[in-house]
Chemist: 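Attaching a single structure in structure tokens format; questions to follow.
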Amino acid sequence: MITADDHRTTLLTLYPLFKEEVYRRRQEMMRWTAIGSAGLIAILVSMLVLPSKPLTWAESGLMGSAGLIWCGLCCALIRQHQDRHRQAKQVLIQLEQALHLYETGLFLEEHSLYPQTWTSDWTRDKTGLLYYGTLVALAVLVLLALVVT
């Protein structure tokens, strides 16, 4: 039979694991945004700075396709980490609730240790749009550079 102490020990063991998972997934989203951006910027710089002959339609199509595939791949990887980040965040909040970190008066007089808004603030997080928007904007710039050159 599981005792209250066993239950609390389990919660205290899981809590740092899920907290680390939330941070790690966010870091991975930022890392893939940086990698994707660097690749698209490299394509853009190589087209605009390095002297070369004008590209044929076939070469432009291949470069444009490569840029779009790269952008799509990075967005897909970010999406995968974003989904797992959300799942880990949901479990983390459940663990925090089970540890009574949102209860008023338990740890601090007339306040909770964690603000109640933390249970829902993460649902309005728009950083994913920033990651996707950055990659899509750079991919559009690559396509525009192909049209201009």
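Everything quoted here is computed from the prediction, not taken from an experiment. Every heavy atom of this structure was used, including side-chain atoms; hydrogens, water molecules and symmetry mates were not. Position 1 is the first residue of the sequence, and the numbers go up from there.
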Chemist: Quick check for you: to the nearest 0.5 Å, what is the distance between Thr134 atom OG1 and Ile78 atom CD1?
Modeler: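 Atom-to-atom, Thr134:OG1 and Ile78:CD1 are 8.5 Å apart.
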Chemist: Which atom names give the shortest non-hydrogen contact between Gly67 and Ile43, and what distance separates them?
Modeler: CA-CD1, 4.2 Å
Chemist: Evaluate the side-chain proximity of Arg8 to Asp5: yes if any heavy-atom separation is below 4.5 Å, no if none is.
Modeler: no
Chemist: Under a 4.5 Å side-chain heavy-atom rule over Ile, Leu, Val, Met, Phe, Trp and Tyr, are Met47 and Val49 clustered together?
Modeler: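 Met47 clusters together with Val49.
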Chemist: Is there a path from Leu48 to Val142 through hydrophobic residues (I, L, V, M, F, W, Y) whose side chains come within less than 4.5 Å of each other?
Modeler: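 Yes, because Leu48 and Val142 connect within a single hydrophobic cluster, where side-chain heavy atoms sit under 4.5 Å apart.
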Chemist: Which heavy atom of Ala88 sits nearest a heavy atom of Glu21, and at what distance?
Modeler: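 It is CB-CG, 3.7 Å.
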Chemist: Checking Phe18 against Gln87 for the side-chain contact (heavy atoms from CB on, under 4.5 Å) test, could you report, in this order, the C-alpha distance in whole Å, the side-chain angles of both residues, the deciding distance, and whether it holds?
Modeler: CA-CA 10 Å; Phe18 276 92; Gln87 291 169 355; over 6 Å; no
Chemist: Within the structure provided, determine whether Tyr102 and Ile93 are in side-chain contact (heavy-atom separation under 4.5 Å).
Modeler: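 Yes, side chains in contact.
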Chemist: State, to 0.1 Å, how close Leu44 and Leu141 come at their nearest heavy-atom pair, and which atoms those are.
Modeler: CD1-O, 3.6 Å
Chemist: Kindly determine whether Phe107 and Leu101 satisfy side-chain contact (heavy atoms from CB on, under 4.5 Å), including the steps that lead there.
Modeler: CA-CA 8 Å; Phe107 296 100; Leu101 300 177; 4.0 Å; yes
Chemist: Checking side-chain polar atoms at under 3.5 Å, does Asp6 have a donor or acceptor matched by the opposite partner on Thr3?
Modeler: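 Short answer, yes.
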Chemist: Treating Glu103 as the side-chain partner and His100 as the backbone partner, does any N or O pair qualify as donor plus acceptor under 3.5 Å?
Modeler: no
Chemist: As a quick check of understanding, evaluate side-chain contact (heavy atoms from CB on, under 4.5 Å) for Val22 and Lys19, giving each step before the final call.
Modeler: CA-CA 5 Å; Val22 167; Lys19 191 145 188 105; 5.8 Å; no
Chemist: Indicate the atoms forming the closest heavy-atom contact of Leu135 with Cys74, along with that distance.
Modeler: CD1-CB, 3.8 Å
Chemist: Can you tell which of Gln80, Glu28, Arg26 makes a side chain to side chain donor-acceptor pair (under 3.5 Å) with His85?
Modeler: Arg26
Chemist: So how far is it from Gln97 CD to Thr119 OG1, rounded to the nearest 0.5 Å?
Modeler: 6.5 Å
Chemist: Say you draw a straight line from CG of Leu143 to CE of Met63; how long is it, rounded to the nearest 0.5 Å?
Modeler: 10.5 Å
Chemist: How about Gln27: does its CD atom have over 12 heavy atoms from other parts shown lying under 6.0 Å from it?
Modeler: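 At most 12 heavy atoms, drawn from other residues, nucleotides or ligands, come within 6.0 Å of this atom.
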Chemist: What I want to find out is whether Asp121 reaches Lys89 closely enough, with some N-O distance under 4.0 Å, to be called a salt bridge.
Modeler: no
Chemist: Do Leu12 and Leu99 have side chains that approach each other closer than 4.5 Å (heavy atoms only, starting at C-beta)?
Modeler: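 The answer is yes; the side chains approach within 4.5 Å.
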Chemist: Identify whether Tyr23 and Trp32 are in the same connected component of the hydrophobic contact network (ILVMFWY, side-chain heavy atoms under 4.5 Å).
Modeler: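 No, it is not one cluster - the side chains of Tyr23 and Trp32 are not joined through contacts under 4.5 Å.
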Chemist: Distance from Glu96 atom CD to Tyr114 atom OH, nearest 0.5 Å?
Modeler: 5.0 Å
Chemist: With side-chain contact (heavy atoms from CB on, under 4.5 Å) as the criterion, how do Leu106 and Leu113 come out once you've worked through the C-alpha distance, each side chain's angles and the decisive distance to 0.1 Å?
Modeler: CA-CA 8 Å; Leu106 190 60; Leu113 194 57; over 6 Å; no
Chemist: Would you say Arg79 and Gln82 make side-chain contact, with heavy atoms under 4.5 Å?
Modeler: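 With C-beta onward as the side chain, the pair touches.
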Chemist: Is Trp70 reaching over with its side chain to a backbone N or O of Gly36, donor-acceptor style, under 3.5 angstrom?
Modeler: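 At least one qualifying donor-acceptor pair exists.
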Chemist: Enter the distance from Leu92:CG to Trp118:CH2 here, rounded to the nearest 0.5 Å.
Modeler: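 Here the interatomic distance stands at 10.0 Å.
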Chemist: Supply the atom-to-atom distance Leu138 CG to Cys71 SG, rounded to the nearest 0.5 angstrom.
Modeler: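 Rounded to the nearest 0.5 Å, the CG-SG separation comes out at 8.0 Å.
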Chemist: Could you see if Val136 belongs to whatever hydrophobic cluster contains Leu144? Use Ile, Leu, Val, Met, Phe, Trp, Tyr and a side-chain cutoff under 4.5 Å.
Modeler: yes
Chemist: Is it the case that one hydrophobic cluster holds both Val147 and Trp57, taking links as side-chain heavy atoms less than 4.5 Å apart, direct or via other members?
Modeler: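 In one cluster with Val147: Trp57, no.
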